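What follows is one structure encoded as C-alpha cells, with my remarks underneath.
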Amino acid sequence: MNEKERADLKHELRTRLEFYRDLGVEFLVSPRKTSGKDGAATAENQLLIASGFSGAGGEITPDGEEWERLIRKIMGCQACPLFKGRTQAVPGEGNRQARLMFVGEAPGRDEDLQGRPFVGRAGQLLTRIIQAMGFSREEVYIANVIKCRPPENRTPRPDEVKACSPYLLRQIDLIRPKVIVALGKVATDFLLQSPKSMSELRGNFGEFQGIPVMPTFHPSYLVRNEGNKEIKKMVWEDMKKVLELLKS
Ligand code: URA
Ligand code: URA
C-alpha cells in the first residue's frame with residue numbers, strides 16, 4: 001500500500017466511524033459473528049459471491065431460471081410510460097436467498113445510469129447502514145418498488161406503482177426474506193397500506209404476506225436532513241429491532 005492509498009483508507013475509516021457514532025452505534029460486529037447457526041449457508045453464500053455467481057448472474061440458485069426470466073422481463077418492460085425516460089431499468093441486486101431485504105422507492109439518476117439500486121448519495125448511506133448492521137450489500141437483497149427512474153425523481157404515481165408492483169411481489173416471493181425494511185413512504189405505503197405517516201409508522205413492525213416489515217426513514221431523507229442526528233438515531237433504533245428479529 002502506498003502513501004496515498006494509506007491516507008485514503010484512513011480518511012474512509014474515519015468518516016465511516018464518525019457516521020456510526022452519529023447513528024448511535026455503540027459497538028461494531030464483525031460480519032462473521034452475525035452468521036450464527038446459518039454459518040454454513042453464509043459461507044456458501046460468500047463462496048457464491050466470491051465466484052461472481054450471486055446477484056445479477058445467480059444461475060446456480062434453484063430458482064435461477066425464474067430469476068433470469070424475471071430480470072429480462074423487467075429490463076424490457078413497457079407496462080407504464082416510465083420506460084420512455086429510462087437509460088436502463090433497475091431490477092435490484094444482492095443475495096437471492098437473503099434473510100434481510102431492503103425496499104426503496106425508485107431509481108434515481110445514478111441508478112438509472114448504472115442499472116444498480118442505491119448507488120448514489122442515498123445509496124452510500126444505505127450501504128453504511130447495512131455495514132453498521134454487520135452485513136455487506138452482497139449478503140442482503142436491495143430492490144425498489146419502481147424499476148424505472150421517474151422524470152426529475154418525482155414520486156411515482158399510483159398507476160405506475162400498480163403497473164410495476166408484480167415485479168417486486170415476485171422478488172419477495174422468490175426470496176422469502178425473514179424481514180423486510182421499507183425505506184420511506186412509497187415502500188411503506190405499498191407494503192403496509194396504512195394511512196398513517198412515516199413518523200407514526202417507523203419503529204414498529206408491520207406485516208406483508210406474513211413477513212415482518214420494518215418501516216424507517218428513507219436514506220434520502222437523512223441526506224436532506226444531514227445535520228439532524230436525531231433522525232439518524234431513529235433509523236439506527238429501527239435497525240436494531242431488525243437485528244433482534246434476525247437473531248430470534
Ligand atoms: N432512492 C431509492 O429509493 N432507490 C434507489 O435505488 C436510489 C435512491
Ligand atoms: N417522508 C418520506 O417520504 N420519507 C421519509 O423517510 C420521511 C418522510
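First listed ligand is number 1; within each ligand, the first listed atom is number 1. One is the number of the first residue; the rest follow in order along the sequence. As the structure is a computational prediction, the values presented were derived from the model and not from experiment.
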Interatomic spacing from CZ in Arg96 to CG in Leu174 - rounded to 0.5 Å: 9.0 Å

Amino acids in close contact with ligand 1, where any non-hydrogen atom sits under 4.0 angstrom away: Gly104, Glu105, Ala106, Glu111, Pro117, Phe118, Asn144, His218

By salt bridge (Lys or Arg N to Asp or Glu O under 4.0 Å) - contacts of Asp189 (at least two apart): Lys185

Stepwise side-chain contact (heavy atoms from CB on, under 4.5 Å) check, Leu169 with Phe208: CA-CA 10 Å; Leu169 292 177; Phe208 179 80; 3.3 Å; yes

Summary of salt bridge (charged side-chain N to carboxylate O under 4.0 Å, His left out) pairs that have at least one residue in residues 198-220, sequence neighbours excluded: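 For residues 198-220, and leaving out neighbouring residues, the salt bridge (charged side-chain N to carboxylate O under 4.0 Å, His left out) pairs sorted by first residue read Arg202-Asp238.
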
Glu160/Arg149 salt bridge by N-O under 4.0 Å criterion: no

With Phe102 via ring pair (Phe, Tyr, Trp, His ring centres under 6.0 Å) - residues at least two apart: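 For Phe102, no residue satisfies ring pair (Phe, Tyr, Trp, His ring centres under 6.0 Å) once neighbours in sequence are set aside.
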
